[in-house]
Protein chains: 2
Amino acid sequence: MKKITIKDIARKLDITPSTVSRALADNSRISPKTRAKVMETAKKMGYEPNVIAASLRKGTSDTVGMIVPGINRSFFSNVISGVEEMLNNAGFNLIISQSNENLKKEKLAVQTLMQNRVGAVIMSLSVQSSGHSHIKKMVKRGIPVVQFDRVASDIPGPKIVNDNFTGAYVSVKHLLENGFKRIVHFSGSLGINVYKERMEGYKAALEEAGMEFNERFVFENSIIRETGKRNVEIALNKLGADAVFSSGDFSALGALEKLKEMGVSVPEEFGVSGFANEPFAELMHPTLTSVEQNPREMGNRIALAIIKKLKGDEEDENIVIPVDLIIRESSMRIKS
Amino acid sequence: MKKITIKDIARKLDITPSTVSRALADNSRISPKTRAKVMETAKKMGYEPNVIAASLRKGTSDTVGMIVPGINRSFFSNVISGVEEMLNNAGFNLIISQSNENLKKEKLAVQTLMQNRVGAVIMSLSVQSSGHSHIKKMVKRGIPVVQFDRVASDIPGPKIVNDNFTGAYVSVKHLLENGFKRIVHFSGSLGINVYKERMEGYKAALEEAGMEFNERFVFENSIIRETGKRNVEIALNKLGADAVFSSGDFSALGALEKLKEMGVSVPEEFGVSGFANEPFAELMHPTLTSVEQNPREMGNRIALAIIKKLKGDEEDENIVIPVDLIIRESSMRIKS
DNA sequence: TTGTATGCGTTATCAG
DNA sequence: CTGATAACGCATACAA
């Protein structure tokens with residue numbers, strides 16, 4: 001089972017490899033007749049292009065690399081599916097890497113992708129990501145870099161993000177409307193755009209309602225289950241809080257668990273609202289109010305942006321994907 | 001920012017590219033002195049190997065491809081993490097593709113990986129997978145193929161699977177011990193090894209208890225949420241069942257939801273047990289008994305098998321990863 | 001519209 | 001131990 005190359009099919013047709021190459025590439029000026037002939041015998045002989053050789057020659061490829069913090073989060077795995085769907089249809093391939101929120105692994109992933117001459121890179125920054133010199137390196141090499149969700153403004157290129165501000169604003173407003181008055185906020189690192197924006201949405205909703213914004217009510221780096229547990233207790237006992245708007249579902253989950261353990265009833269005595277609409281949000285007891293980020297749509301838009309870039313478009317799109325507040329039991333005191 | 005190559009470093013050291021290549025490759029007979037010198041200036045000049053060129057020359061690469069049905073399932077995403085962890089440490093890269101349980105996409109993924117000259121492939125078959133000619137093609141090309149979870153015995157190569165039989169057997173035995181007497185089984189396609197084995201475990205546990213195995217109690221192709229809902233109602237109303245052992249957590253979830261809707265109390269009136277130990281299993285109400293497949297360990301073992309193969313080992317390992325029954329509320333009538 | 005020649009960066013073979 | 005040379009398969013600048 002020998003691999004057959006353009007040479008083989010050239011020999012068979014008694015033409016040169018260049019002609020075959022051009023016929024296969026379609027775009028060049030080539031007589032329709034020979035093109036047809038080439039196509040036909042290529043198929044007949046079972047020709048499969050050697051993309052490696054093409055990459056070496058062209059210095060780039062039709063493969064797109066994607067780096068995400070972790071594929072085990074519903075948001076990211078759905079974004080990936082959205083990207084893949086669109087990219088495959090357009091004839092590009094996708095290869096996926098995880099950074100595990102770790103700068104070292106992120107750098108390694110970048111290096112690997114560059115070494116494999118991907119045509120473009122899609123990425124969402126890891127928590128630890130800083131400096132971004134490894135990413136700027138790609139940009140300098142001329143590799144289109146499309147950022148999504150967690151983005152850095154000092155890196156050029158298209159950016160696709162959620163409307164985090166509004167998601168937070170609407171969430172907090174909803175809590176206020178349900179009579180919660182002392183709402184704390186569980187945030188991620190405020191150095192990251194998404195958490196900063198959600199914090200600002202939180203702040204805006206409070207101020208609009210004539211309530212003062214208290215820095216002590218913001219728990220930074222509190223987006224995992226454990227911190228949710230720990231901090232909801234502090235919020236309740238030390239700050240007299242009666243609700244939490246969390247920037248992530250996992251810390252909201254932790255909060256719910258701790259509250260149950262403490263015998264505090266939700267939503268009667270304490271309101272909880274999360275972000276990301278993880279699958280478990282609707283399965284818990286009580287069910288968890290959360291913000292749906294429409295990751296699949298985001299994935300599609302990312303893919304479109306990448307494709308435009310790969311086609312040489314200079315413009316850098318900045319796309320904002322709307323979010324939807326999904327109201328469930330954990331925050332709903334007023335039945336409508 | 002020009003890419004520097006082995007030629008550049010050869011020129012600088014006034015030696016030939018071949019020597020540089022050998023020094024970098026380490027293994028050949030080369031004087032320690034020149035090796036050290038090459039290594040040093042390579043680092044100093046910021047040399048990064050062009051793996052594409054190497055792949056073209058060698059016809060293979062240090063990149064491993066992995067095809068899974070879907071990354072949004074806890075089991076698969078954890079297996080991936082386990083593989084990645086080990087593979088990265090050994091200096092290999094991993095690229096991931098999803099088949100979405102679709103034969104066409106599976107074939108496309110195989111083609112893409114072959115075109116990209118991956119050194120080896122890890123895969124778990126999609127539900128639709130049949131014939132396997134696309135996979136055998138890889139084997140014929142000399143690409144090591146390691147299968148896991150859903151495997152086909154007609155494809156040679158190492159196979160890493162769970163002890164599905166025991167997982168099922170222990171689950172059903174546990175249900176019996178808790179006084180459930182009419183246990184139905186939600187299965188996937190019985191053409192797939194994992195579901196077949198689990199069915200046999202179910203059967204064995206029943207027979208051991210002196211109960212007859214009834215084919216009507218097995219619901220094939222019932223592993224998604226919707227079928228779980230539909231079939232639990234049938235099981236209850238038409239078959240007088242009092243428990244279900246499901247081959248997947250999603251149909252167990254559907255069953256729990258439907259039972260709640262119908263006002264049937266779990267586990268008092270009906271027992272439910274799942275498979276895979278999805279994250280939501282411990283979050284539901286009642287919490288769901290399930291089988292932990294230890295996917296991370298499985299991933300590690302897969303990686304080790306691949307590495308052995310890549311090093312030219314001829315032996316085909318068949319590894320069975322043990323499972324653990326996680327007993328939770330949905331099946332526990334007898335408190336211990 | 002087609003052919004000719006060259007090179008992408010690396011490694012393997014053969015000599016020395 | 002090191003050097004020279006060729007080749008992996010393809011795409012393109014240039015010539016015809």
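To find a chain, count down the sequence lines: A is the first, B the second, and so on, and within it residues start at 1.
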Those residues that, when tested against Ser189(A), pass side chain to side chain donor-acceptor pair (under 3.5 Å) (two or more places apart): none
Global bending angle along the helix from dT1(C)-dA16(D) to dG16(C)-dC1(D), which compares the axes of five pairs at either end, to 10 degrees: 40°
Heavy-atom donor-acceptor pair, Glu101(A) side chain to Val127(A) backbone, under 3.5 Å: yes
N/O (side chain, Thr19(B)) to phosphate O (OP1/OP2, dG3(D)) under 4.0 Å: yes
Atom CZ of Arg301(B): over 12 foreign heavy atoms under 6.0 Å: no
Atom-to-atom span, CD1 of Ile9(A) to C1' of dG9(D) - whole angstrom: 13 Å
Exceeds 12 heavy-atom contacts within 6.0 angstrom, atom NZ of Lys136(B): yes
Expected output: side-chain Asn89(B) to main-chain Met86(B) donor-acceptor under 3.5 Å: no
For Lys58(A), all residues meeting salt bridge (charged side-chain N to carboxylate O under 4.0 Å, His left out), sequence neighbours excluded: none
Please table the atom pairs, donor to acceptor, closer than 3.5 Å between any side-chain atom in residues 310-317 of chain B and protein atoms at least two apart or in another chain.
from: Asp313(B); atom 1: OD1; to: Glu315(B); atom 2: N; distance (Å): 2.8
from: Asp316(B); atom 1: OD1; to: Lys309(B); atom 2: NZ; distance (Å): 2.7
from: Asp316(B); atom 1: OD2; to: Gly157(B); atom 2: N; distance (Å): 3.3

Near-strand residues of residues 108-116 of chain B, defined as heavy-atom separation under 4.0 angstrom from DNA chain D: none
Where protein sits on nucleotides 5-11 of chain C, one letter per nucleotide: B base, S sugar-phosphate only, - none, heavy atoms under 4.0 Å: B-BBBBB
Asn164(A) side chain vs Val194(A) backbone, donor-acceptor pair below 3.5 Å: no
Touch class at under 4.0 angstrom, heavy-atom based, for Ser55(B) against every strand present: nothing
Parallel, tilted or perpendicular: rings of Phe75(B) and Phe148(B) (30°, 60°): tilted
Polar side-chain atom of Asn162(B) near backbone of Gln293(B) as donor-acceptor pair, under 3.5 Å: yes
